[in-house]
Amino acid sequence: MADTISHDVLIIGSGLAGLRAAISAASTDKNVDIAVISKVQVMRSHSVSAEGGTAAVLYEEEGDNQESHIYDTVKGSDFLADQDVAELLVKNMPYEIYQLDHWGMPWSRRKDGRIAQRKFGGYSFPRATFAQDKVGFYEMQTLYDTCQKYDNIHFYNEWFCTSILQDGGRFQGITAIELKTGNFTIFRAPAGIICTGGAGRIFSFSTYAFSSTPDGLDMAFRAGLALKDMEFVQFHPTGVLPSGILITEGARGEGGYLVNNKGERFMQKYAPGKLELAPRDVVSRSMIKEIQEGRGFKHETGVDCLKLDLTHLGAERIKEVLAGIREIGIKFSGVDIIDEPIEVRPVCHYMMGGIHANIDGATELAGLWTAGEAACNSTHGANRLGANSTSECIVWGRITGELAAKHALAHKGQTSIQEQQVLQEEKRIYDGLFRGRGDVNPYEVRKQMTDTMDDKAYVFRNEQGLTEALKKIRELKASMWKHVDDKAKEYNTNFVNVMEIDSMLRTAEVVLVGALNRRESRGAHSRTDYPVRDDTHFLNHTLAYFAGDGGPKMAWHPVTFTRYAPVERKY
Amino acid sequence: MTEQVIEKIESMEKKREKEKHGKETIRSSVVLKIYRANKRAGEQPHYDSVEVPVQRWTTVLDALLHAKQYKDPSIGIRYSCRMASCGSCGMKINGIPRLACYTKVSELEGSTVTVEPLANFPHIRDLVTDFAQFFSHHHDVKPFVQNENADIKDKNKLSEFMQSPEDLDKFLQFSYCIKCGLCYSACPTVATDTKFPGPQALSQAYRYFIDNRDNATKDRINIVDDKHGIWRCHFAGSCSSVCPKGVDPALGIQLLRGHMLGFSKNEKKIADLQDRLRKDEEAKQ
Amino acid sequence: MEADRSNREGLMGWLNPGRYGWERVSYWLQRLTGVGLLAYFIGHVFETSSLTQGPDAWAAMLELTQTPLGHTILLLVIGMSTYHSANGIRLIFAHGGKGLGKPGRPDYPYDAVSLNYRQKSGIWIALILAAVAMLYGASVLFGGE
Amino acid sequence: MMLRESQIMKIHYITGIAALFVVAVHIMMRLIMPYSLSLEYENVIANYHNVPYLVLLESILVLIAIHGFNGLRIILLELRQSKAWEDGITILTIAAMMAVVAYGTRTIIIANGFGLGFE
Ligand SMILES: Cc1cc2nc3c(=O)[nH]c(=O)nc-3n(C[C@H](O)[C@H](O)[C@H](O)COP(=O)(O)OP(=O)(O)OC[C@H]3O[C@@H](n4cnc5c(N)ncnc54)[C@H](O)[C@@H]3O)c2cc1C
Ligand code: HEM
Ligand code: SF4
Ligand code: F3S
Ligand code: FES
């Protein structure tokens with residue numbers, strides 16, 4: 001059998017959630033031996049791209065309050081958030097912000113030396129805590145650097161995890177491939193946390209890093225765990241053309257305007273109360289409507305878009321708080337936002353769904369937790385508010401880290417690996433993929449799949465489009481693409497890509513089936529054929545279980561209400 | 001307001017139109033000359049040339065990925081964010097360390113672009129190098145705030161360390177570092193000295209040294225005051241000239257050394273937790 | 001961990017000043033001139049030691065060194081020491097963080113403040129001074145009486 | 001007698017600056033009379049009988065030896081990193097430095113004719 005490495009806690013994924021979990025587990029007890037396993041080098045995780053802010057209530061003396069943050073989150077979610085979970089998020093955040101400050105986070109400051117906050121979409125108070133426009137980057141850096149303090153955290157840079165090992169309903173470890181050598185290895189540990197982030201690369205036009213593929217989600221899915229609410233995909237209003245790189249909501253938080261080809265601030269029509277700072281689903285829908293009604297621009301690539309005008313903010317302010325955005329504009333779009341409005345278009349940005357977890361981040365498998373974007377403990381419901389995701393990663397990173405560490409201490413050294421599972425997994429990836437045969441280019445399959453998703457599962461969806469998309473995905477899945485041309489063992493990214501594509505196809509299918517089943521419009525999921533929210537039938541979470549190649553088995557799961565009854569959502 | 005915006009858009013569009021036909025070299029394709037080797041598997045170093053289509057905004061990374069996807073899937077390459085914030089895609093492009101995702105083909109001269117792995121990093125395969133030593137240098141400068149209150153003990157008394165925008169400016173620029181290793185690859189000392197921490201780690205030492213939340217001043221100086229430490233920087237400046245993020249590691253290193261030579265004094269006070277509470281009290285009275 | 005030297009640029013990294021900026025050229029010249037001066041210094045100590053063997057030995061040594069070749073070397077030494085000293089003074093200040101500018105918030109396109117024109121001018125001035133010193137030296141050495 | 005690297009480098013900088021001054025004086029002395037004349041045996045020996053000049057020569061010798069050989073040590077240190085090599089070059093450069101200083105001092109003393117300028 002393959003080589004084995006043993007630890008107490010395995011953290012899979014090293015984004016904000018993973019690193020926060022590592023610190024939390026390491027400081028819970030110094031005898032807990034932690035492995036952080038990531039398919040990229042640890043500090044290169046997608047979280048570094050987060051730009052605009054992290055939501056927290058810091059200034060109650062200035063008028064903010066936690067109740068309001070909870071309500072904004074729940075209302076933003078179109079009442080699909082579990083309210084106890086939202087509450088937990090809000091209550092924990094102030095501590096996390098200050099803790100990050102103590103660890104060296106370069107939060108932007110007010111003149112009086114205190115931490116600064118800015119406006120963000122959907123909030124009734126400026127509570128996006130920011131560090132210029134590189135929040136996620138700085139948070140990652142702070143956490144990564146703080147990890148250096150602990151001798152009991154071990155980083156496994158560039159190890160691709162492929163499957164979860166379990167026995168008797170308990171987590172026992174995982175299998176992974178070391179990229180550098182190509183060695184297939186077993187990691188065993190009594191506790192694990194999946195922090196593999198979002199899956200936004202199943203769309204072509206996407207703000208995500210190339211590494212944001214659903215292999216972590218798929219791992220859990222194949223292990224029999226449910227994926228929850230996968231049909232809710234957030235489209236961020238301002239993706240730069242042609243690449244899809246994000247212009248942070250902070251740009252609008254700082255006072256940017258969205259304009260159509262008549263020069264109008266069209267958001268006046270759609271959300272007079274909040275204008276550009278309405279939640280993302282609202283703004284994105286408004287933009288697409290403007291485009292459909294002929295008031296859009298054409299980018300030189302032929303794509304429809306609108307413009308984001310920041311010129312009135314002035315060079316000084318822009319350089320001070322939106323420097324990164326300016327750099328992105330100049331470099332990737334050829335536009336200096338100081339002089340000129342920039343072309344933008346709604347872009348795939350966040351997956352509200354993820355691995356089904358309870359309020360503690362525990363999955364259905366004992367000993368396994370999940371945190372961050374990969375998890376769905378239903379903080380965000382049908383639509384996440386900007387700046388609430390980094391918050392979620394940090395809060396549940398800490399919670400799950402601590403719980404997993406305690407569990408690991410209680411079950412130290414008690415793992416049993418089922419050889420059969422390992423052999424099966426080896427067979428799946430080596431016989432099924434690595435040594436597979438075929439004449440279809442896997443990258444072409446990926447392109448067609450992501451283009452299909454862009455086309456049919458975008459801001460507005462309908463029965464016909466979704467059905468066509470599902471058909472197309474299933475066709476692609478069945479075509480002869482499963483093969484790896486690169487035969488080397490060492491650093492075989494071709495192999496990695498093929499494993500990713502395999503998981504992408506399965507996940508895309510779950511998204512589409514979920515979207516087809518949800519015959520209503522709620523939050524980010526907007527059906528032109530069912531344009532209204534239907535609380536009688538669909539005030540429920542969607543669960544999808546793996547059921548072989550034929551597609552997922554679906555189920556419903558109740559929403560937790562503790563405070564607010566659903567009302568119509570208006571801004 | 002409306003007219004202004006339209007005017008602005010129109011005037012900029014004209015300007016761009018002009019630029020498009022002006023200075024940037026617009027090509028429809030480019031030849032990538034890619035360094036290939038996988039010594040562990042016995043593949044000796046050689047160069048492969050691949051022609052790929054390019055547009056105005058195509059970056060070297062885009063071009064390489066196109067080559068990987070449609071010409072030769074076996075090209076070994078490391079990348080992730082494609083927006084110059086993760087630090088994965090450092091490589092030598094036409095001989096100089098750069099980020100592939102941050103270098104547009106249109107910015108480069110000639111019709112061939114040569115891409116090679118970063119120098120000064122052990123080679124793994126093709127364009128991919130091993131960062132273990134680089135990371136361990138970073139680890140060795142203790143890149144975290146040291147201060148007995150660094151972990152919040154009492155969750156009921158929450159407050160930040162006070163830090164004025166000026167305090168922040170002293171270290172902010174050094175925390176722009178994305179650990180891409182370009183500086184490490186360019187530095188002439190690193191080229192021969194394996195124990196030299198390199199510009200990245202040394203500038204991070206300064207970043208924490210000058211942060212007014214940190215009070216491990218002496219310890220930090222002792223770490224870098226070594227035969228192979230900070231004194232092995234000769235201000236060759238190459239680190240700063242290749243840094244894609246404006247970290248200016250050369251500056252950080254010299255400033256730290258200024259403190260060690262007694263040219264500068266570290267006047268920082270530990271930003272006191274109590275500071276704010278005290279001020280609040282005062283305000284109340 | 002045993003340090004892995006593979007793929008280091010090695011001496012070629014030192015000897016290839018053209019790729020980066022003037023500061024790299026300065027680094028390289030400072031090194032070269034330093035070593036050159038040290039060699040000359042050792043030679044010079046040896047040269048003057050002939051004094052101890054009386055006027056004849058000294059004259060013999062002068063015959064060896066006061067030649068066109070010897071003067072050319074001396075000229076180089078003048079240039080080297082002028083450059084090394086002038087640039088050395090700049091470097092002492094720079095190594096202490098003086099004259100480099102202040103850290104702050106860098107703006108795109110992120111030109112490094114430490115590679116500023118004060119520093120570059122320092123390098124140029126050292127080069128010019130070296131040239132002037134060499135011209136003057138030439139006039140003394142080759143100019144006759 | 002282990003010096004910290006910072007102390008060594010401070011010495012390096014100070015000896016560098018000091019060397020600049022003394023060398024400048026040394027060269028001036030060559031230039032107060034026509035250059036070739038300044039090299040006549042009698043003139044040179046005469047110099048060696050002047051106590052302040054002796055002090056000057058000796059300090060040039062020491063300062064430059066320290067600065068120059070330390071410079072060499074730096075370069076060699078950066079070339080290879082192994083204990084044997086590092087210890088080797090430290091001993092070597094110190095030995096070479098001492099040898100050159102000793103040899104130069106011998107010249108000064110003999111040229112002075114042991115009279116130290118009180119003839
Ligand atoms: C451009 C952009 C800007 C954003 N801005 C904001 C913002 O301003 N505020 C906000 O709150 N949120 C923001 N978000 C959302 C937020 O950044 C993400 O939701 C969050 O960073 C996710 O973090 P994570 O820790 O869950 O996962 P990630 O950071 O995505 O990390 C996933 C980790 O899992 C690893 N991994 C994945 N698969 C495997 C595998 N098979 N084997 C091993 N390792 C694996 C990866 O290597 C990586 O380390 C933004 C998102 C984007 C795309
Ligand atoms: C005249 C005889 C001199 C000799 C033989 C000499 C020799 C050397 C040598 C061999 C080096 C090593 C080069 C390196 O580290 O890269 C060096 C470096 C240096 N020298 Fe000199 N030098 C002399 C004069 C001076 C003077 C007059 C100054 C300044 C006032 C000076 C300042 C420096 C500086 C600043 C360095 C760089 C050290 C470093 O980069 O760490 N030197 N010198
Ligand atoms: S200092 Fe600059 S070049 Fe060096 S690793 Fe950091 S970002 Fe990269
Ligand atoms: S290139 Fe190297 S020598 Fe110093 S200034 Fe930068 S670290
Ligand atoms: S891909 Fe992240 S820096 Fe280039």
Side-chain angles (χ1 to χ4, degrees), chain A residues 27 40-41 43-46 48-49 94-95 98-99 101-104 106-109 111 113-115 134 137-138 141 145-146 148-149 157 180 209-211 242-243 245 257 259 262-264 307 309 311 328 331-334 339-341 441 443 484-486 488-494 497, chain B residues 1-3 5-6 8-9 12 16 38 40-41 43 56-57 68-70 73-74 76-77 79-88 102 104 124-126 128 130-131 139 142-145 149-152 155 158-165 167-168 171-172 175 178-179 208 211 213-214 276:
Chain A
S27 56
V40 299
Q41 288 164 326
M43 77 295 292
R44 319 239 186 262
S45 301
H46 159 70
V48 292
S49 302
Y95 162 74
Y98 292 123
Q99 182 59 79
D101 164 72
H102 283 46
W103 284 337
W107 292 120
S108 288
R109 301 284 168 157
K111 290 255 169 336
R114 302 190 61 188
I115 295 171
K134 303 179 179 197
F137 172 72
Y138 286 132
Q141 180 182 70
D145 282 2
T146 302
Q148 309 295 322
K149 268 208 281 214
N157 289 309
K180 183 173 153 182
F210 286 120
S211 59
S243 60
I245 291 173
Y257 303 149
V259 292
K262 300 213 154 41
E264 294 160 345
K307 295 212 184 199
D309 187 6
T311 55
I328 289 170
K331 201 74 188 186
F332 299 104
S333 188
D339 312 317
E340 181 184 8
N441 181 352
Y443 294 103
V484 177
D485 289 328
D486 182 359
K489 264 186 94 182
E490 297 78 8
Y491 214 90
N492 190 334
T493 38
N494 185 203
N497 291 155
Chain B
M1 191 218 111
T2 305
E3 271 111 69
V5 174
I6 292 195
K8 219 179 279 166
I9 292 174
M12 291 311 287
R16 187 124 44 98
N38 182 1
R40 228 171 308 215
E43 185 185 342
R56 191 160 71 93
W57 46 76
K68 185 174 175 63
Q69 286 159 16
Y70 294 102
S74 69
I77 176 174
Y79 59 95
S80 177
C81 71
R82 60 85 167 82
M83 56 186 279
S85 56
C86 75
S88 298
Y102 202 53
K104 284 188 275 189
I124 295 180
R125 183 185 174 184
D126 299 349
V128 181
D130 189 338
F131 273 59
H139 173 86
K142 300 200 182 162
F144 41 82
V145 167
N149 292 318
D151 289 309
I152 293 183
K155 286 194 191 175
L158 294 178
S159 129
E160 65 269 70
F161 283 115
M162 307 304 275
Q163 197 164 60
S164 67
D167 294 333
L168 183 63
F171 72 87
L172 181 64
S175 56
I178 59 174
K179 303 185 182 77
Y208 284 98
D211 189 324
R213 289 168 289 197
D214 185 87
R276 186 190 129 206

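A, B, ... follow the sequence lines: proteins, then strands. Residue 1 opens every chain.
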Item checked: B:K68 NZ to A:D486 CG distance, which is reported to the nearest 0.5 Å -> 6.5 Å
Check: How far apart are the closest heavy atoms of A:G104 and B:V145, and which atoms are they?
Finding: CA-CG2, 3.5 Å
Margin query: Any non-hydrogen side-chain atom of B:L172 less than 4.5 Å from a side-chain atom of A:Y138?
Written below: yes
Item checked: Segment of B:D151 engaging chain A (4.5 angstrom heavy-atom cut-off) -> both
Check: Within a strict 4.5 Å, meaning less than it, do heavy atoms of the B:W57 and A:S243 side chains meet?
Finding: no
Note to self: Is any side-chain heavy atom of A:Q141 closer than 4.5 Å to one of B:K179?
What the structure shows: yes
Check: Less than 4.5 Å apart, any side-chain heavy atom of A:H102 and any of B:R213?
Finding: no
Checklist line | Min side-chain heavy-atom separation B:R82-A:I245 under 4.5 Å | finding: yes
Item checked: Within-4.5 Å side-chain heavy-atom neighbours: A:M43 and B:F131 -> no
Margin query: To the nearest 0.5 Å, what is the distance between CZ on A:F332 and NZ on B:K104?
Written below: 8.5 Å
Checklist line | Region of A:K134 in contact with chain B, defined by heavy-atom distances below 4.5 Å | finding: side chain
Notebook entry, point to check: Below 4.5 Å, heavy atoms only, C-beta onward: do B:S74 and A:D485 meet side chain to side chain?
Noted result: no
Next item on the list: Measure distances from B:I124 to the heavy atoms of chain A and classify the residue's part below 4.5 Å as side chain, backbone, both or neither.
Entry: side chain
Note to self: Main chain of A:Y443, side chain of B:Q69: is a donor-acceptor contact present, judged purely on distance under 3.5 Å?
What the structure shows: no
